[in-house]
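Numbers here simply count residues along the sequence, with the first being 1.
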Amino acid sequence: MLKRISQRSIFSKAISRPVWILSLVSLLTDVSSEMLYPVMPIYLKSIGFSIVLIGVLEGVAEATAGLSKGYFGKQSDLKGKRLPFVQLGYFLSALSKPMMAVFTFPVWVFSARTLDRLGKGVRTGARDALLSDAATPQTKATVFGFHRALDTLGAAIGPLLALVFLAAYPGAYRTLFFIAFAPGLLGVLTTFLLKESRRAPTAKTSGTSFLGFVRYIPQSSPAYRKLLLGLLVFALFNSSDVFLLLMFKQQGVSDTNLISIYIFYNLVYALLAYPAGILADRLGLKKIFLTGLCFFVMVYIGMAYNKQLGVYYLLFFLYGAYAACTEGVSKAWISKVCDPRDTATAIGTYEGLRSIAALSASAIAGLLWYYINPMATFLTTATAVAAVILYFAKMRKTEDGSQKTEDGS
């Protein structure tokens, strides 16, 4: 009994005030963003955007977010500052919401949507570095898991609020964009509760161009490079969740059930992310990460053959468990195998390259879907990720985050 109480006390201490604040900010921001996620394509079509133009818009926006994560992560390390990047990033994303509704001509909408994703790029590396700094080597996955839990809870609350509002005011999409500004702005104001301790700027001066963060890879530890390779190969086959939703539609799942499954997935993810982080710190990052990848393979095999609604809920329970076991854990793993002075650069580099790999993954999935069949998309992905599992399983203890690497990180 005393041992159980002691363990609870240890893990409660891991969630310090900065972790709570950053997690709350992410929750509010995701409420703001996810309120608009289900209606974004509908709104864009209502103001004259074609399907092709929507695709171009989202592609440009996501590419901007991904590549800017690497650049601004590097800038955060070079300047020795985190908080200004966090505050600016959240502010840009909040500001983009009402901008989307003020004017509707394409160039303005492109600018507003890109500003939203740029904000994500500005803040991600610096924010994750702050989370890493607030953790000990023994609690990194716990901290990142807690942050993912609150972040994803916002992703479940947002669509629910949107559904309630649109049920009362059908078609009031522009009003919803203004409403979404409120939680986003509250998140920005909450960041001012944070205080950052002074740190010396890094002495490194290379890599200040927009793509200069890529130069960090040959300078990083061997453990980081090996981890990065495995994560990027996984990303290369981890296509957009849109293909899962398209499979639902092809099987005749109604829009209401589709949205409910999406909300169910986010709730599962939110509930399991924190416990998964605790388990990762206790049992090992690699074990929990590999467990998540196994769930992923099971989901994609199931999606290839299933036609029953009840089984879809089971599959998306496993999909939520996969996300809980991998998203926060992967960042905790990166933070344990890189130099603490380069945490924002290390995470930003991964996020930047992952965005490029994700675009390629969706292209590959789309080609398989169109030229062969949907089953080929899911089975090919499952087979490729099974190979990634074998790659990670062969990592030595000095490379899996359970022991210190040669550079002492």
Side-chain angles (χ1 to χ4, degrees), residues 21-41 43-44 54 57-73 75-76 81-104 107-131 147-148 150-159 161-162 173-194 210 266 327 331 344 347-348 351-352 354-355 358:
I21 293 173
L22 286 167
S23 300
L24 179 60
V25 171
S26 288
L27 184 150
L28 291 167
T29 303
D30 252 41
V31 168
S32 174
S33 297
E34 295 296 330
M35 283 178 69
L36 306 177
Y37 184 80
V39 304
M40 183 69 75
Y43 172 70
L44 291 174
I54 291 174
L57 170 62
E58 289 302 302
V60 170
E62 291 304 322
T64 299
L67 294 176
S68 61
K69 286 175 185 177
Y71 174 76
F72 287 105
Q75 292 303 307
S76 175
K81 295 181 179 180
R82 311 292 192 209
L83 195 52
F85 291 91
V86 172
Q87 292 170 334
L88 176 61
Y90 280 115
F91 174 73
L92 293 177
S93 291
L95 182 63
S96 70
K97 305 302 190 298
M99 284 179 62
M100 290 280 289
V102 172
F103 299 110
T104 59
V107 174
W108 178 268
V109 173
F110 258 84
S111 300
R113 181 62 177 151
T114 303
L115 188 68
D116 177 36
R117 298 293 84 192
L118 178 63
K120 188 175 181 65
V122 171
R123 68 180 180 259
T124 296
R127 181 203 62 205
D128 289 342
L130 281 176
L131 288 169
H147 175 263
R148 294 307 307 166
L150 264 67
D151 181 278
T152 309
L153 181 60
I157 294 172
L161 293 177
Y173 302 125
R174 294 181 70 175
T175 303
L176 190 62
F177 278 82
F178 288 109
I179 293 174
F181 177 59
L185 180 61
L186 183 57
V188 175
L189 295 176
T190 304
T191 64
F192 287 90
L193 297 175
L194 290 166
F210 189 70
N266 278 310
E327 289 290 334
K331 291 185 177 181
I347 293 177
E351 291 284 3
R354 181 173 74 159
S355 69

Please round to the nearest 0.5 Å and tell me the distance separating atom [atom1] of [X] and atom [atom2] of [Y].
{"X": "L28", "Y": "L186", "atom1": "CG", "atom2": "CG", "answer": "5.0 Å"}
{"X": "F192", "Y": "L83", "atom1": "CZ", "atom2": "CG", "answer": "8.0 Å"}
{"X": "L189", "Y": "F91", "atom1": "CG", "atom2": "CZ", "answer": "10.0 Å"}
{"X": "M100", "Y": "F110", "atom1": "CE", "atom2": "CZ", "answer": "10.0 Å"}
{"X": "L24", "Y": "T190", "atom1": "CG", "atom2": "OG1", "answer": "5.5 Å"}

Between the main-chain N or O of [Y] and the side-chain N or O of [X], is there a donor-acceptor pair closer than 3.5 Å?
{"X": "S32", "Y": "A180", "value": "yes"}
{"X": "S76", "Y": "F72", "value": "no"}
{"X": "W108", "Y": "V102", "value": "no"}
{"X": "T124", "Y": "G121", "value": "no"}

task = Just jot down the salt bridge (charged side-chain N to carboxylate O under 4.0 Å, His left out) partners of R148, sequence neighbours excluded, or say none.
result =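 Listed in chain order: D151.
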request  = With sequence neighbours left out, write down each residue that passes salt bridge (charged side-chain N to carboxylate O under 4.0 Å, His left out) with K97, or none if nothing qualifies.
outcome  = D116
task = Would you indicate whether the side-chain heavy atoms of T152 and D30 approach each other to under 4.5 Å?
result =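 With C-beta onward as the side chain, the pair stays apart.
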Set of residues satisfying side-chain contact (heavy atoms from CB on, under 4.5 Å) with respect to [X], sequence neighbours excluded:
{"X": "L22", "result": "V86, R127, L130, L131, L194"}
{"X": "I179", "result": "M35, F165, T175"}
{"X": "L88", "result": "L92, V122"}
{"X": "P159", "result": "E34, P38, Y262, I263"}

List the atom of [X], the atom of [Y], and the distance in Å for their closest heavy-atom pair.
{"X": "G352", "Y": "K69", "value": "N-CB, 4.4 Å"}
{"X": "F178", "Y": "A101", "value": "CE1-CB, 3.7 Å"}
{"X": "S355", "Y": "G66", "value": "OG-CA, 3.2 Å"}

message = I'd like to know if the side chain of R123 pairs up with that of S93 as donor and acceptor (distance under 3.5 Å, no hydrogens or angles considered).
response = yes
key: For S26, all residues meeting side chain to side chain donor-acceptor pair (under 3.5 Å), sequence neighbours excluded   = Y90, H147
ask   = Listed by chain and number, what are the side chain to side chain donor-acceptor pair (under 3.5 Å) partners of K331, not counting sequence neighbours?
value =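 So K331 forms a side chain to side chain donor-acceptor pair (under 3.5 Å) with D128, E351.
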